[in-house]
Amino acid sequence: MSREQHIQQLRDGSIFDLLVIGGGATGCGVALDAATRGLKVALVEKNDFAEGTSSRSTKLVHGGVRYLEMAIKKLDRVQYNLVKDGLRERGLLLKNARHLSNRLPLITPLYKWLDVPYVFSGLKLYDFLSGKQNIGHSRLLSRKEAMRRFPRLKAEGLKAGVLYYDGQFHDARMALSLALTAEQHGATIANHVAVSGLCKEDGKITGAELTDSLTGESWQLTAKGVINATGPFVDGIRVMDNPTAAKMLSASTGIHIILDKDFAPPETGLMIPETEDGRVLFVLPWEGHALVGTTDEPAEITEHPKPLEAEVDYLLRHVARYFNLQVSKSDIKAVWSGLRPLVSDPKAADTAELARDHVIEESGSGLLTIAGGKWTTYRKMALDTIDHALKQFNLSAPRPTCQTANLPILGSAGYDAKGDLELSKKHGFDTDVASYLNRTYGDQAEKVAKLAEGGIGKRLVKNHPVLESEVLYATRYELAERVIDVLARRMPLALLDTEAAKQAAPRVLEIMAEELGWDQRRCEEEALLTEQRLSEAL
Ligand SMILES: Cc1cc2nc3c(=O)[nH]c(=O)nc-3n(C[C@H](O)[C@H](O)[C@H](O)COP(=O)(O)OP(=O)(O)OC[C@H]3O[C@@H](n4cnc5c(N)ncnc54)[C@H](O)[C@@H]3O)c2cc1C
């Protein structure tokens, strides 16, 4: 359905079982869980799907190696169980979103002999905890083998390496695909629609006032239950509900920089186990580039956080420490920042203690807030939230238990990892384009390829596999409403290469303007907004 059709459904006066606020990992996951249980659900996102934190992650599907270390050091069962849950969810995500995710080998270089048994046994335990969902066995690498696998690693003082496995995924498209899969199961979904107020009767929430961010029009929607899944922004909605609500969230920023692919080992990530502030840092191959991240700095909660110079310097400093090649600011192709939602449980005795899991809170007027967690565990968070919602809002779902453990998300069911060969043969695509289309769209890639036959099959920009036909596909079938929705979330271009995204922008605008019938004023507005996002902060 088009966005207009979704909005019509949101405005037609019908009563929804649930209204989910926020179209990131959490909200899209919650909407999918609810829709697959047979509930009538509406999902609204103020900006674009995944425009918040959910397109700005390190793109790892993981249990958290560092959390495991903490669990062991502090004999902390909660942390231990969190790692176990994360590893289980890692396996399910890799299975249910096969085209958007992959297993990734990672090397940890070790420069002290004492670290070798310590890190190796920790990673062996990590394998063990994943049980049936194990995706590969960790093993020791000799110094020679580590250097052979990644010749650019600093050789001086290197003692050995450990090879282990985690998952990697395309976060922005994952959120979109969850929303579109929810739509397939009957959910009404709309991006660029904000909750601008909550409606109440006798002190109980009965729905919300929605505002179309593109037209400014507002209306009311009635729902038996309202779920606040707005990530770093949950307190904004909680204060809408109760102006005196105590904050449950603080935020820190994490930035990533993108470098040329030569900075990452081929097909393998690098995990730097101990930065100067005791964190782990990753250098990962991603979409033909090297993704380096991340930082952790206290931050204001804003929609488009700006990366700080000091954070960029921190990342470059660490890359330089582990590589035998010079890296400078001029090597950076793109940089972007995301807000980490750090949640404290308002019911916990010590509220200064940050929750390491997700927190579900029910307010006096019935607002259900779900916050915290991580991308990898979105499905478990959704399951817990809908289990809670069924009881809290007294809903009877046709299928009362969670349905998502074995549910392929859109694009995954018929995905063939070798489908790129067929795409090349049938449509004559270059190998990089065919591989990209196959991984990005899964069993929907043929539709993008068909559109390319209609005279818009060219690359949007040289040296990147992104095509003009994707713009049309995103506009027609993936609810892209703005040029930046396409450049930053339907395709990864803006996150990979700012200059290339700037070059591609006019053609993206042209295709969207024709498809959506934009007038001169809208075209000017789009050009300005795109320039702003690409030059200031994504
Ligand atoms: C730097 C960094 C790296 C990370 N790396 C990883 C990783 O590798 N693996 C992993 O598993 N996790 C990772 N995470 C964590 C993960 O990204 C987050 O936990 C997850 O994306 C949070 O999703 P969310 O939906 O809760 O929040 P968001 O993605 O921020 O979504 C909330 C949405 O609510 C919308 N919203 C706000 N107000 C309103 C309103 N009034 N009406 C409608 N909509 C509204 C916002 O526009 C936003 O899109 C990382 C996080 C950071 C910051």
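For reference, positions follow the sequence shown, starting with 1. Atoms within each ligand, like the ligands themselves, are counted from 1 in listed order.
Within the 3.5 Å criterion, the main-chain N or O of Gly366 finds a donor-acceptor partner in the side chain of Gln392. When atom types are taken as modelled, the side chain of Asp127 and the backbone of Ser138 share a donor-acceptor pair closer than 3.5 angstrom. A distance-only check finds no donor-acceptor pair linking the side chain of Tyr378 to the backbone of Cys28 [under 3.5 Å]. The closest donor-acceptor contact from the side chain of Arg88 to the backbone of Lys84 lies at 3.5 Å or more, if one exists at all. Between the side chain of His192 and the backbone N or O of Ser213 there is no donor-acceptor pair closer than 3.5 Å. Formation of a donor-acceptor pair under 3.5 Å by the Arg37 side chain with backbone atoms of Leu32 is not found in this model.
Backbone and side-chain nitrogen or oxygen atoms of Pro341 are examined, and none is located within less than 3.5 angstrom of a nitrogen or oxygen of ligand 1. Between Thr376 and ligand 1, an N or O atom pair is found at a separation short of 3.5 Å. An N or O contact shorter than 3.5 Å links Thr53 to ligand 1 by distance. Ligand 1 has no N or O atom lying under 3.5 Å from any N or O atom of Arg56, backbone or side chain. Between Glu45 and ligand 1, at least one N/O pair is under 3.5 Å apart. When only interatomic distances are considered, the shortest N/O to N/O separation between Gly372 and ligand 1 does not fall below 3.5 Å.
The pair Glu309-Lys329 counts as a salt bridge, with a side-chain nitrogen and a carboxylate oxygen less than 4.0 angstrom apart. In summary, Arg379 and Asp85 do not engage in a salt bridge, as defined by a charged side-chain N under 4.0 Å from a carboxylate O. Using a 4.0 Å cut-off between a side-chain N of Lys or Arg and a carboxylate O of Asp or Glu, Asp17 and Lys40 do not qualify as a salt bridge. A salt bridge is defined here as a Lys NZ or Arg NE, NH1 or NH2 lying under 4.0 Å from an Asp or Glu carboxylate O, and Glu478 with Arg173 meets this definition. With salt bridges taken as basic N to acidic carboxylate O contacts below 4.0 Å, one links Arg439 and Glu287. A salt bridge is defined here as a Lys NZ or Arg NE, NH1 or NH2 lying under 4.0 Å from an Asp or Glu carboxylate O, and Arg490 with Asp48 meets this definition. The existence of a salt bridge linking Glu276 and Arg321 is confirmed by a sub-4.0 Å separation between a basic side-chain nitrogen and an acidic carboxylate oxygen.
With a 4.0 Å heavy-atom cut-off, ligand 1 is reached by no atom of Thr253. With a heavy-atom cut-off of 4.0 Å, Thr58 touches ligand 1 through backbone and side chain alike. Only the side chain of Phe233 comes within contact range of ligand 1, with a heavy atom under 4.0 Å; no backbone atom does. Looking at Thr294 against ligand 1, only its side chain comes within 4.0 Å, counting heavy atoms. At a 4.0 Å heavy-atom cut-off, ligand 1 does not touch Glu303 at all.
Protein heavy atom at the shortest distance from atom 26 (O) of ligand 1 is Thr26 OG1, 2.7 Å. Nearest to atom 38 (N) of ligand 1 among the protein's heavy atoms is Thr230 CG2, 3.8 Å. Ranking protein heavy atoms by distance to atom 19 (O) of ligand 1, first place goes to Lys374 CA, 3.4 Å. From the protein, the heavy atom lying nearest to atom 43 (C) of ligand 1 is Lys46 N, 3.3 Å. Shortest contact from atom 21 (O) of ligand 1 to any protein heavy atom: Ser54 OG, 2.8 Å. Scanning the protein for heavy atoms near atom 42 (N) of ligand 1, the closest one is Val195 N, 3.0 Å. Atom 13 (C) of ligand 1 has Ser57 CB, 3.9 Å as its closest protein atom, hydrogens excluded (heavy atom only). Nearest to atom 7 (C) of ligand 1 among the protein's heavy atoms is Leu60 O, 3.5 Å.
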Derivation and outcome, side chain to side chain contact (heavy atoms under 4.5 Å, CB included), residues Lys59 and Phe282: CA-CA 10 Å; Lys59 295 152 206 337; Phe282 293 97; over 6 Å; no
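Taking every heavy atom of Gly52 and a limit of under 4.0 angstrom, the matching atoms of ligand 1 come to 29 (O), 30 (O), 49 (O). Close approach to Ile237 involves these atoms of ligand 1, each under 4.0 Å from a residue heavy atom: 41 (N). Within ligand 1, counting atoms from 1 as listed, the ones closer than 4.0 Å to a heavy atom of Val44 are 43 (C), 44 (N). Atom numbering of ligand 1 starts at 1 in the shown order; those under 4.0 Å from a heavy atom of Lys59 are 8 (O). Of all atoms in ligand 1, listed by their number and element, those nearer than 4.0 Å to a heavy atom of Gly22 are 33 (C), 34 (O), 35 (C), 44 (N). Atoms of ligand 1 lying under 4.0 Å from at least one heavy atom of Gly338, given by number and element, are 53 (C). Remark: ligand 1 atoms within the under-4.0 Å shell around heavy atoms of Asn47 are 47 (O). The Gly254 neighbourhood of ligand 1 comprises atoms 1 (C), with distances under 4.0 Å to a heavy atom of that residue.
A 4.5 Å side-chain heavy-atom check between Asp241 and Ile205 finds at least one atom pair inside the cut-off. Residues Glu526 and Met512 form no side-chain contact, since every pair of their non-hydrogen atoms from C-beta on lies 4.5 Å or further apart.
Residues Tyr314 and His318 place their aromatic rings such that the two centres sit under 6.0 Å apart.
Heavy-atom separations between Gly373 and ligand 1 include at least one value shorter than 4.0 Å. Using a 4.0 angstrom heavy-atom cutoff, His256 counts as in contact with ligand 1.
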